[in-house]
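Structure record follows, encoded as structure tokens.
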Amino acid sequence: MRKACAALSVGLLAILVGFGVAAKETLLIYTSTPVEIMTKLEQMFEATYPDIDLQVFRSGTGNIAAKLAAEREAGKIQADLIWVAEYTYLEELKAQNLLYKYESPEAKNIPALLVDKDGYYYGARIFALVIAYNTNFVKDPPRTWTDLLDPKWKGQIVTANPSYSGSNAIAAAVLGMEYGLDYFRGLAANKTTVVQGNSQSVTEVAAGAYLVGLTLDNMVRGLKAQGSPIDLVYPDDGPIFLPSPIGIFATSERIEAAKKFVDYVLSAEGQQALVEVGAYIPARTDVAGPAGAPTLDELVAKAMPAEIEAIVANIDFYTQQFVKILLGQ
Amino acid sequence: MAGITLRRVTKQFGDVKAVDGVSLDIADGEIVCFLGPSGCGKTTTLRLIAGFERPTAGEVWIGNKLVSAAKELVPPERRNLGMVFQNYAVWPHMTVFDNVAYPLRLRKVPGAQLRTKVMETIALVGLAGLEKRYPEQLSGGQQQRVALARALVVEPDALLLDEPLSNLDAKLREKMRFEIMDLHRRLRMTLVYVTHDQAEAMVLSDRVVIMNQGKVVQVGSPWEIYREPADPFVADFIGLANFVPAVLVEEAGGEGVAEADTPRRPRFRCVVPSRPGRALPANGILFVRPEEVELLPAGEAEVTGTVTRVTFLGARLDVRVEADGAEWRVEAPAGARVREGDRVGLVTERAIFFDAKGEIDETEGVA
Amino acid sequence: MGPRLTRTLAFGVAVAVLMALVAFPLGILFYKSFVRAGEPSLGNYSEVFSDGRNYLPFWNTVKLGFWTVLLAAAIGVPLAWAVARTDLPGRWLLENLCLLPYMIPPFIGAIAWVQLLAPRVGYANRLWMSLVGTTTSPFNIYSFGGMVWVMGLYSFPFVFIAVRGALERMNPSLEEAARISGAGRFRVVRDITIPLVLPSVMSGMMLAFLYTVANFGIPALIGMRARIFVLTTRIYSYVYRGDFAGIQLAAALSVLLMVLAVALLVLNQWILRRQHGAAIISGKSVRPTVVELGRWRYPVAGVVYLFLSLAIIAPLVALFLTSFLRAWGLPLAWSSFTIRNYRYVLFEYSLTKTAIVNSLSLALIAASAATALGAILAYISTKTQIRGRRVVDMLCTLPNAIPGTVVALAMILAWSGQFKVNLYNTFAMLIVAYVAHYTFYAFRNISASLVQIHPSLEEAARIAGAGWLQNFRDVVVPLIRPGLVAGWLLVFMPTLRELNMSILLYGPRTPTIGVAVFELQDAGYYHIAAALAALVVAVIFVTNLIVRRIVGGRRRA
Ligand SMILES: Nc1ncnc2c1ncn2[C@@H]1O[C@H](COP(=O)(O)OP(=O)(O)OP(=O)(O)O)[C@@H](O)[C@H]1O
Ligand SMILES: [Mg+2]
């Protein structure tokens, strides 16, 4: 028996040592970037900066916001960086003096519309909320957001929850301001299923559990490239433009390392990486975009117009209304 | 009321023949005890009679009805038997009254009649006043009587009892033994009784059935079994025994003289009657009960030995004598003046001379 | 140091730890649920009972528990009977199949069932659709029924174990006595067998109820999607709301959950006490009467094995299948399969790598700490006459009986900075919660070993001049080693894949395996979650085999 115990402990120790993490500077980022994309980005970043260990806490913006609130209540923000889709949330953090003002040397290489006017954050990951459909079952996909209200899609639509996903919170605000609450009621009448996040909604459409979805263009491209039967439509009435911003926490004890990560994602190398691993639209003109994707300029031109001040003012209202109307909560 | 007949009944569990070709006639109203060492097949025989086991071969008849055969099995509930299990098996979730009433309820006896009958039976086993109790509130002996009342209440054709007293203390056991006999005297049903305990078998039975390794080795009255054991196994199993290897030295007219097979002379010798239907063997084992050996002053007998131990047993003395390398057990009257170290002579009037091939189970020893 | 001093010190430290881990946090939880804005108030409770978002989860919890135990009994009782009392072929296999769901954490069960019954994509639905040729699928796991089904399949072993035990211990002559009294086969079942095993059935159902009520994984992964909240998931959503009012409501809901759990336990004790069945547990090992199924033997075996393959094996197979898919929902063709998911969770994804290291270290530390603490407390409880040792008993037992969610919330309230100590988001927080919740297993096993040590053994050592500590080390510990080992393992195994508490307590730097699996599934990375879950299942199998060797075939408590 003693032998067996000893063997067990030795085995466990071996596993622990095998996984052993060498002492490096650890940088913690809170992000809503999908895990597989973030892992690859992390590997590429760590290959460039071998003495930094990037740790990723991935969740929806809603959860991240809650976590940060709880951490502030407990007295210490753990994270060094934040990178979510909901740019209004960074506005909020900025207003509370929680962000570190950083002028990146890469700032001059990206379009002005991606740079915070006060210099606290940069739009670094470009994507859009679009209509995705399963190509096995759908030959004639919806062309506009309002097409989704057609009863033929009843029970076949899936989307993410804006109280979890920042992208969908922005989308709720933009669509709500454009079409009013009736649009939400129409989605509800069509028995739209609300899942947690976009990786879930896009997976469900690719798998055929639902036929169409309001989800993110880069994820659709990624799955399509892997051979999943999925494709997307940039709606005629305008996709929702989402330049996911990255910022550094003022409370960070590793500001220098954090700056390196911001510089990295804005650099040509970083943007190239984002194109490769995440099928994002590059923020820089000197990086080629994924096949078949619009350029940043084309996307912005097509996107549904949205004033950041208006969104900041309305996002909570429309998020709550969406949840209330579609989830009855 | 009915007798029970077993015809060449065999029951096999895998490789084990638990019961091996047993034939037996039990008369109506008779008390028969099954006696034998642990694992010899007593319980299995009882269960075959009750119908819990299907015989591998052979037949069981109750009255004049065939109830068990390899192809035919009347289920236990249709045999009108009563059974008391070794461990009482009183239902813990029913009161004494309900336990006893259950067989009557199954027979749809109307309420008032059921009540009288149950109370009567409870009184019969001496439990009046306890009928509202649950088994956990009863002593072992009381539970045993509940089991008995439950078996009796329907006046079964036969009552099967499987070591019903084995869990009781000696005093209570003796008392219950007489109560069972008393009941039998009053109700006169056939009674098949399994026990380990020879005293119990002797006291209770009209006939005793000795079993060994699934076979019946002897059937007879307690007196016969004790006085005329069929083989060394029975002799050894019942009561105390001295066994001495011996040779036949004389034979004449249904009687012979056997002499102990010891190197020293004179040898211990005695007269042995030949047993019905059997010739006296040339080589064999001399069997003598301790109470049949007489102690004489040294020199008055041909064989002398030394007293090694004297144990006082109340009415008698248990004396051990070492003679010619063998140890003898002798029962002497309490007044006999023997002490350890005394030289004594040994004689006996009566002995049985068994064929040497009959084996003695060493583990049972002199009980 | 004098012997008295070391003894007092050891006892003092153990009791102080117990107070800090159990009494204080639960007290704070209770207190906080009655406070609003620093004032004593029933406001939290009136909000709980006036708002549908709060009282519906309570009602759903009860409803889920009710239907789950009915299902658990409907599955567990016949199977227990088949294993204990029939000549069904392969009963050893049958028994092990029935105990399988006991080893697998329910959240992994939920993930496995999603693979089978997800609308349209689940393998069972796909099979149906291709057989019938429709595009609408018959099963939807994301429903109340789906929750009941999965929960029932993962809690029926409680009923199975209790009933099988009762049937095996029941003296067969109790039933035979009824036969000979004139009752037919079925009448005996009605009049004797059922009444005698009923308390065990009830007790098994009660434990299954408790397990269901305390479970987070299944209602979170299946119910939340269908917008059906129970208490554990509602508490979770309040905690993750991130504001203080949310925590207060969660505290009130936790107290309700705790009351529900304790009420169930008391009810269970009451049922067991009322049982007139002391006599059915005979000391001797009995040979149960085996019902010969005769010509029904193979048909019945067919039904039983088919059911078990569908209910227990199929979801695991589905889980393994999905774990090899390049993307969820791909057709099952060679081109769809890959081992990339395994490489990903083991070598690429830092969260799962960290989680594996964390869970192993947490389980090692928590098991060792719980065993040490449990040993001293068990010694106090069984070998001394110290006043208040009943309280020690209760404080060891209580946190195991109440749901992990409640324990976790109590830890958050007590140890995240309000009282000078801030363990929020740390490793220590998880250890503290695990030790509080699981010390009971070590305590119970060690107590059982300790009561068998005759006082004279210890007295002999003391007379020979050994001090208390020396005596404890040289005499007591070696004698109770089997209890220590068993206790250690019984803490180690559940902590390795704990979810109910970890999900509320983990920090960004301290994810655990359970959390990693849950988060991956919850965020829609179904194929990756499946790979990690499949690894967990494999590890559980292997550790169980090792444990069986070590503990020597002894049944898991
Ligand atoms: N159901 C069974 N399966 C296999 N073997 C059995 C079974 N029942 C009895 N046996 C075997 O048959 C033999 C006789 O058993 P039985 O119970 O009849 O003995 P017994 O004479 O009543 O013994 P005891 O005095 O110890 O009660 C034993 O060797 C026993 O192991
Ligand atoms: Mg027997």
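A quick note: this is a predicted structure, and the numbers were derived from the prediction, not measured. The sequence lines fix the lettering, A, B, ..., with proteins before strands; numbering per chain opens at 1.
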Heavy-atom distance under 4.5 Å to chain C: side chain of A:Q43, backbone, both or neither? side chain
Derivation of the side chain to side chain contact (heavy atoms under 4.5 Å, CB included) call for C:E348 and A:E42: CA-CA 10 Å; C:E348 291 174 5; A:E42 176 192 337; over 6 Å; no
Pick one of side chain, backbone, both or neither for A:Y210, based on which atoms fall under 4.5 Å of a heavy atom in chain C. both
Pairs where residues 203-221 of chain A contributes a residue and the test salt bridge (charged side-chain N to carboxylate O under 4.0 Å, His left out) is met, not counting sequence neighbours: A:E204-C:R225, A:D217-A:R221
Could you state the interatomic distance from OG (A:S199) to CH2 (C:W328), rounded to the nearest 0.5 Å? 13.0 Å
Correct closest heavy-atom pair for A:K67 and C:G507 would be NZ-CA, 4.3 Å
Output the distance between atom CZ (C:R227) and atom CG (A:L326), rounded to the nearest 0.5 Å. 7.5 Å
So, do C:S350 and A:T39 sit near enough that their side-chain heavy atoms are less than 4.5 Å apart? no
Quick one: are A:Q200 and C:Y525 in side-chain contact, heavy atoms under 4.5 Å? no
If you tally heavy-atom pairs under 4.5 Å between each of C:N125, C:D522, C:L351, C:T354 and chain A, the highest tally belongs to C:D522
For a quick test of reading the model, state the closest non-hydrogen atom pair linking A:A209 to C:P119 and the distance between them. CB-O, 3.5 Å
For A:T26, which atoms come within 4.5 Å of any heavy atom of chain C: side chain, backbone, both, or neither? both
Quick one: does C:M224's side chain get under 4.5 Å of A:V195's, heavy atoms only? no
Go through the atoms of C:R340 and report whether side chain, backbone, both or neither lie under 4.5 Å from a heavy atom of chain A. side chain
Region of A:L223 that comes under 4.5 Å of a non-hydrogen atom in chain C: side chain
Relative to chain A, which segment of C:A523 carries a heavy atom at a distance below 4.5 Å: side chain, backbone, both, or neither? both
Can you see which heavy atom on C:G524 is nearest to which on A:T203, and at what distance? O-OG1, 3.4 Å
Counting only non-hydrogen atoms closer than 4.5 Å, does C:L520 touch chain A with its backbone (N, CA, C, O), its side chain (CB onward), both, or neither? side chain
Please look at A:E46 and chain C and tell me whether the side chain, the backbone, both or neither of the residue comes under 4.5 angstrom of a heavy atom of that chain. neither
Under 4.5 Å from a heavy atom of chain C, the part of A:Q196 involved: side chain
Proximal component of C:Y349, with respect to chain A [non-hydrogen, under 4.5 Å]: both
